[in-house]
**Q** 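First the structure, then my questions, so here it is.
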Amino acid sequence: MFDVGNVLIRWRPELAVAHVYPEREAALAYLERMGFAAWNLANDGGRPFAEAMAELRAAHGAEAEALAEYPARFGETIREPIAGTWALIDRLKAKGLRLFAITNFAAETWPVALRVHPRLGEDFEDVIVSGQVGLLKPGAAIYRLLLERHGLAAEDCLFIDDSAGNVAGARAVGMQVHLFTTPPALEADLAARGLL
């Protein structure tokens, strides 16, 4: 079971505001001022973008407008696949292993991700998208949803995520886990588990 952002595809949210803040440090500072991490997580939990922008405008006025085109510009933030992880997925598929994904992702930007990276919709038996189901990692319910949908035992599953909190959430429901750092480190762990 794979996470998506920064495991399968690089996510650089600052690129969504590069039309206003072309310097990376300025863009990151802007996102920090806007409380982007919490704002985006609420969107990943199912909040509609129109509501999200209304809240941002109420809190920040005209300065919020740099994020007004976030869904339209989202594709720019996820251009880069993490090739080493996809190569491992090819090897796991070749061994006949069942592959799934669980991602904190807004319902309104997930279709963009599928257009930019079609393999997200092709290589997995199922993808649980938080914004579509109204559940977020690391809450237990999102992991249990995938287990229940497919009749899986938690102890038979390996969950891979770059977030220590999300890994802890999966471990809490009984899954085996890998905290993703690099494709080579993941490859070594998969090999040690006899999965490659």
Side-chain angles (χ1 to χ4, degrees), residues 1-11 40-49 71 74-75 77-181 183 185-187 189-191 193-196:
M1 296 180 178
F2 285 83
D3 174 39
V4 173
N6 295 321
V7 173
L8 297 171
I9 57 176
R10 197 80 58 204
W11 181 47
N40 186 67
L41 188 63
N43 301 345
D44 287 352
R47 177 175 61 179
F49 184 73
F74 180 74
T77 74
I78 58 164
R79 289 286 173 209
E80 182 188 352
I82 300 176
T85 311
W86 287 108
L88 293 172
I89 284 175
D90 289 336
R91 291 169 63 187
L92 293 169
K93 284 178 68 176
K95 292 201 73 167
L97 294 172
R98 298 177 75 184
L99 300 177
F100 301 90
I102 304 176
T103 183
N104 282 353
F105 221 105
E108 289 167 274
T109 53
W110 182 246
V112 179
L114 293 176
R115 285 196 300 273
V116 176
H117 300 282
R119 289 188 67 177
L120 290 170
E122 298 165 356
D123 284 10
F124 301 99
E125 191 171 327
D126 191 12
V127 180
I128 302 287
V129 178
S130 63
Q132 295 175 344
V133 300
L135 302 168
L136 283 165
K137 296 179 294 184
I142 195 166
Y143 306 101
R144 290 189 178 129
L145 176 61
L146 183 55
L147 297 174
E148 291 163 6
R149 271 191 189 178
H150 298 281
L152 302 170
E155 61 270 20
D156 293 336
C157 300
L158 174 63
F159 179 73
I160 300 155
D161 199 303
D162 66 311
S163 160
N166 293 344
V167 163
R171 184 184 290 115
V173 300
M175 292 180 182
Q176 302 174 60
V177 297
H178 174 86
L179 179 60
F180 182 85
T181 53
L186 175 57
E187 180 180 24
D189 189 21
L190 293 171
R193 295 172 185 273
L195 297 174
L196 288 179

**Q** Given side chains that start at C-beta, do those of Phe100 and Arg149 come closer than 4.5 Å, heavy atoms only?
**A**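 No, side chains not in contact.
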**Q** Decide yes or no for Met1 and Leu147: does some side-chain heavy atom of the first lie under 4.5 Å from some side-chain heavy atom of the second?
**A** yes
**Q** Decide yes or no for Leu190 and Glu187: does some side-chain heavy atom of the first lie under 4.5 Å from some side-chain heavy atom of the second?
**A** no
**Q** Do the charged groups of Arg119 and Asp90 touch, with an N to O distance under 4.0 Å?
**A** yes
**Q** When rounded to the nearest 0.5 angstrom, what is the spacing between CG in Leu145 and CG in Asp126?
**A** 8.0 Å
**Q** Quick one: closest heavy-atom pair of Val173 and Ala140, and the distance?
**A** CG1-CB, 3.6 Å
**Q** Could you tell me which non-hydrogen atom of Ala170 sits nearest to which non-hydrogen atom of Val177, and how far apart they are?
**A** CB-CG1, 3.8 Å
**Q** Heavy-atom distance under 4.5 Å between the side chains of Thr103 and Trp110, does that happen here?
**A** yes
**Q** Would you say that Ser130 contacts Ile142 through its side chain, given a criterion of any heavy-atom pair below 4.5 Å between the two side chains?
**A** yes
**Q** Measure the spacing between CD1 of Ile160 and CG of Leu186 and express it to the nearest 0.5 Å.
**A**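 One gets 5.0 Å once the value is rounded to the nearest 0.5 Å.
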**Q** Measure the acute angle between the ring planes of Phe105 and Phe74, then classify it against the limits of 30° and 60° as parallel, tilted or perpendicular.
**A** perpendicular
**Q** Quick check: closest heavy atoms across Asp44 and Ala106, and the distance to 0.1 Å?
**A** OD1-N, 3.0 Å
**Q** Trp11 side chain to Thr77 main-chain N or O, any donor-acceptor pair under 3.5 Å?
**A** no
**Q** Distance check, rounded to the nearest 0.5 Å: Asp161 atom CG versus Ile102 atom CD1?
**A** 9.0 Å
**Q** Report, as yes or no, whether the 6.0 Å neighbourhood of atom CZ on Arg193 holds more than 12 heavy atoms from other residues, nucleotides or ligands.
**A**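 It does: Arg193 CZ has more than 12 such atoms within range.
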**Q** So do the side chains of Leu135 and Tyr143 get within less than 4.5 Å of each other, counting heavy atoms only?
**A**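 Answer no - side chains too far apart.
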**Q** Between Ile82 and Asn6, what is the shortest heavy-atom contact and its length?
**A**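 Nearest pair, atom of Ile82 first, then Asn6: CD1-C, 3.5 Å.
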**Q** Can you tell me how far apart CZ (Phe2) and CD1 (Ile89) are? Round to the nearest 0.5 Å.
**A**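 Result: 4.5 Å between the selected atoms.
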**Q** Looking only at heavy atoms, which two atoms of Lys95 and Gly194 are closest? And how far apart?
**A** NZ-O, 4.0 Å
**Q** Heavy-atom distance under 4.5 Å between the side chains of Lys137 and Asp3, does that happen here?
**A** yes
**Q** Please round to the nearest 0.5 Å and tell me the distance separating atom CZ of Arg98 and atom CG of Leu152.
**A** 5.0 Å
**Q** What heavy-atom pair brings Ala113 and Ile78 nearest, and what distance separates the two atoms?
**A** CA-CD1, 3.5 Å
**Q** With the side chain counted from C-beta on, respond yes when Val129 and Val4 share a heavy-atom pair under 4.5 Å apart, and no when they do not.
**A**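 Result no, sub-4.5 Å side-chain heavy-atom pair not found.
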**Q** Looking at Met175, is its backbone amide N or carbonyl O close enough to the side chain of Glu155 to form a donor-acceptor pair, meaning the two atoms are under 3.5 Å apart?
**A** no
**Q** Drop me the distance from Asp162's CG to His178's NE2, to the nearest 0.5 angstrom.
**A** 10.0 Å
